[in-house]
Amino acid sequence: MAVDQSVTNKGKIRSTLKGELYTSPEVFELEKKNIFGESWLFVGHYENEVAEPGQYITTRANDENILIARGKDGVLRAFLNVCRHRGATLCSEHSGKAGIFRCPYHSWSYGLDGSLAGVPKSSECREELVNNDTYGLEKVHLQTWHGMIWLNFSENPKSVEEQLDTQIMERFGELETLGRYQIQNLKVAHRKEYDVKANWKLIVENFQECYHCSAIHPELTAAFPEFKSGIGTQNQVGLGANLQEGLDAFSISGKGTRPMLKGLLPEDDRIYYGMTITPHVFINLTPDHVIIHHIIPIGTDRSIVICDWLFDPEEMAKPDFEPMDAVELFHRVNEQDFEACQWCQDNMGSKAYKNGGILVPIENHVSRFYNYVLESIGEEVE
């Protein structure tokens, strides 16, 4: 399954992954175990959504039902949203506020710290059960990074900074640029979910290259004409794309009056930065808003992509705040990209793609992602 380098003797052309890596259930299970089961995963929620003690949210990650809650001590924690008694879902609401979590099935109750607090009609074993770490909710490693909530299902994960800051250093050569956007202070103004009939890896590799931009992204290339060259910016340290002269903002109309996000410098104006955070997150930085995608792999040929558009909450509080002009531009880019990924997924099982496809030189950086996947699932990297 290794990337075939037989056609790369001249160092110009490289191969993609073989088709079976996009269709094999066995490969998909390895990816869930060795990539998504070992990496820090963004769950599409932000620390400011659970800011007060007792606030909670529920979500799903890596096939698990998750409960994230702010404790009375102010600590944010994550648990499997599963009652330890008979396995019922503890909290079915998407979000809320509670002083205690009570199972709807047999009324076992848990504190905000996950400890078992009450077991009805069980005086003969109550002392053995209650406040015993063995019977509390199953904990999940949680860390926040730039205000985003990340989970890790491995037993002894590296710090979130070790996985994520390393990638920011590779993208910018420093950490300050991303920090200036102060994502932790922004709020979601619009969220959209896309059901994409394609393998998660096709979505990642599509986002990493711009060879396709002139063919399928008329709105994007109108905003950033340099993308018409097919050369993106993600593989060049610190490089961003410049907004077309005559346009005021990264929006479908090209108009906009919002000020730059607090913390940005004059040199950040009119610049777009895109970056991939492996395994499943895309961060897009614009002067007045930030766009964050995260992919949830569902099967070999299906992925859910959730896209958040974040703005300064002070701007959002203004009576005339309207985000949809900005939202529409990247929404169109999303639909165009995801349709292209589906064109490819339809043929990943074809004998024409048995040994994979071909990367031209301006796409060669995508092979780093291929090698990351191969190494993670224990396949040979040439």
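None of the values given here were measured: they were computed from a predicted structure.
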Greater than 12 external heavy atoms within 6.0 Å of Glu314's CD:
no
For Phe28 and Pro297 the tightest heavy-atom approach is CE1-CB, 3.7 Å
For residues Tyr135 and Trp108, establish whether the separation of their ring centroids is below 6.0 Å.
no
When you group the ILVMFWY residues by side-chain heavy-atom contacts below 4.5 Å and let the links chain together, are Leu202 and Val204 in the same group?
yes
Between Glu363 and Val360 (side chain of the first, backbone of the second, donor and acceptor by atom type, cut-off under 3.5 Å), is there such a pair?
yes
Side-chain contact test, heavy atoms from C-beta onward, threshold under 4.5 Å: evaluate it for Tyr181 versus Tyr273 and give yes or no.
yes
Tell me if the CD atom of Glu267 is crowded by more than 12 foreign heavy atoms within 6.0 Å.
yes
Donor-acceptor contact present, side-chain Gln345 to main-chain Cys341, <3.5 Å:
no
Distance check, rounded to the nearest 0.5 Å: Ile362 atom CD1 versus Ile231 atom CD1?
6.0 Å
Distance check, rounded to the nearest 0.5 Å: Thr16 atom OG1 versus Met348 atom CE?
7.0 Å
Taking the side chain as every heavy atom from C-beta outward, state whether Trp150 and Leu164 have any pair of such atoms under 4.5 Å apart.
yes
Where the side chain of Arg332 meets the backbone of Ile252, is there a donor-acceptor pair that is under 3.5 Å apart?
no
Before giving the answer on side chain to side chain contact (heavy atoms under 4.5 Å, CB included), spell out for Ile283 and Ile277 the whole-Å C-alpha distance, their side-chain angles and the decisive distance to 0.1 Å.
CA-CA 8 Å; Ile283 299 178; Ile277 305 295; 4.0 Å; yes
Between Arg368 and Glu170 (salt bridge meaning N to carboxylate O under 4.0 Å), is one present in this structure?
yes
Please find the pair of heavy atoms, one from Thr278 and one from Gln163, that lie closest to each other, and give the distance.
O-NE2, 3.2 Å
Within the 4.5 Å heavy-atom criterion, are Leu220 and Tyr272 side-chain neighbours or not?
no
Can Ile295 be reached from Tyr22 by stepping across I, L, V, M, F, W or Y side chains whose heavy atoms are under 4.5 Å apart?
yes
Closer than 3.5 angstrom, by distance alone: can the side chain of Glu226 be matched with the main-chain N or O of Asn242 as a donor-acceptor pair?
yes
Among Ile, Leu, Val, Met, Phe, Trp and Tyr joined by side-chain contacts under 4.5 Å, find the other residues sharing a cluster with Val237 and list them by chain and number.
none
Kindly state whether the ring of His45 and the ring of Tyr56 have centres lying under 6.0 angstrom apart.
no
When you measure from the side chain of Asn284 to the backbone of Ile291, do you find a donor-acceptor pair of N or O atoms at a distance under 3.5 Å?
yes
Evaluate side chain to side chain contact (heavy atoms under 4.5 Å, CB included) for Val140 paired with Leu142, printing each intermediate quantity in order.
CA-CA 6 Å; Val140 179; Leu142 179 152; over 6 Å; no
Restricting to non-hydrogen atoms, name the atom on Leu261 and the atom on His289 that form the minimum distance, rounded to 0.1 Å.
CD1-N, 4.0 Å
With a 6.0 Å cut-off (strictly less than), is the heavy-atom count around CD of Glu245, excluding the residue itself, greater than 12?
no
Using salt bridge (charged side-chain N to carboxylate O under 4.0 Å, His left out), reason through Asp308 and Arg191 one step at a time and then give a plain yes or no.
CA-CA 5 Å; Asp308 293 333; Arg191 174 172 289 156; 2.5 Å; yes
Find the distance between CG (Leu243) and OG (Ser251) and round it off to the nearest 0.5 Å.
8.5 Å
Is Tyr211 atom OH crowded by more than 12 heavy atoms from other residues, nucleotides or ligands, each under 6.0 Å away?
no
Is Leu186 reachable from Val327 through a run of hydrophobic residues whose side-chain heavy atoms are each under 4.5 Å from the next?
no
Shared ILVMFWY cluster between Phe330 and Phe224, side chains joined below 4.5 angstrom?
yes
Criterion side chain to side chain donor-acceptor pair (under 3.5 Å) on Gln234 and Thr276, from CA distance to verdict:
CA-CA 8 Å; Gln234 287 197 58; Thr276 304; 2.9 Å; yes
Is it true that atom NZ of Lys158 has more than 12 heavy atoms of other residues, nucleotides or ligands lying nearer than 6.0 Å?
no
Taking C-beta and beyond as the side chain, do Glu93 and Thr58 meet within less than 4.5 Å on heavy atoms?
no
Contact between Arg180 and Leu265 at the side-chain level, heavy atoms closer than 4.5 Å - yes or no?
yes
Is there a donor-acceptor pair closer than 3.5 Å between any side-chain N or O of Arg171 and the backbone N or O of Asn235?
no
For the atom pair OG (Ser15) and OH (Tyr370), what is the distance rounded to the nearest 0.5 Å?
9.5 Å
Between Ser367 and Leu359, which heavy-atom pair has the shortest distance, and what is it?
N-CD1, 4.0 Å
Nearest heavy atoms of Thr233 and Leu239, plus distance in Å:
CB-O, 3.5 Å
Tell me if a side-chain donor or acceptor on Glu315 pairs with a main-chain N or O of Pro259 at a distance below 3.5 Å.
no
Within the supplied structure, the quantity of interest is the number of heavy atoms (other residues, nucleotides, ligands) at a distance under 6.0 Å from Lys187 NZ; does it exceed 12?
no
Measuring only between side-chain heavy atoms, which start at C-beta, is Val119 closer than 4.5 Å to His85?
no
Is the shortest side-chain heavy-atom distance between Trp145 and Asp165 below 4.5 Å?
yes
Check ion pair Asp195-Arg302 (N to O, under 4.0 angstrom)
yes
All heavy atoms of Leu151 vs all of Ala78, minimum pair found to be CD2-CB, 3.6 Å
Indicate if Leu80 and Phe36 have the same hydrophobic cluster label, given that clusters are the connected sets of ILVMFWY residues with side-chain heavy-atom separations under 4.5 angstrom.
yes
Spacing of Gln244 atom CD and Thr221 atom OG1 [to the nearest 0.5 Å]:
10.0 Å
Quick one: which of Glu47, Arg77, Glu52 gives a side chain to side chain contact (heavy atoms under 4.5 Å, CB included) with Arg70?
Glu47
Step through it carefully: locate the ring centre of Phe321, locate the ring centre of Phe311, and say whether they are under 6.0 Å apart.
yes
Hey, are the side chains of Asn185 and Pro313 touching, using non-hydrogen atoms and a 4.5 Å cut-off?
no
Within the side chain of Thr300, is there an N or O that forms a donor-acceptor pair under 3.5 Å with the backbone of Pro25?
no
Answer yes or no: is there a donor N or O on one side and an acceptor on the other, between the side chain of Asn81 and the main chain of Asn65, under 3.5 Å?
no
By salt bridge (Lys or Arg N to Asp or Glu O under 4.0 Å) - contacts of Glu375 (at least two apart):
none
Cut-off 3.5 Å, side chains only: do Asp337 and His217 have a donor facing an acceptor?
yes
Does the Thr89 side chain pair with the main chain of Ser92, one donor and one acceptor, at a distance under 3.5 Å?
no
Walk me through whether Cys210 and Cys213 qualify under disulfide bond (SG atoms under 2.5 Å apart).
CA-CA 5 Å; Cys210 206; Cys213 287; 2.1 Å; yes
Spatial distance of atom CG (Asp325) from atom NZ (Lys255) [nearest 0.5 Å]:
8.5 Å
Criterion salt bridge (charged side-chain N to carboxylate O under 4.0 Å, His left out) on Glu29 and Lys33, from CA distance to verdict
CA-CA 6 Å; Glu29 289 302 315; Lys33 177 182 177 183; over 6 Å; no
Is a salt bridge present between Asp312 and Lys262, judged by a nitrogen-to-oxygen distance below 4.0 Å?
yes
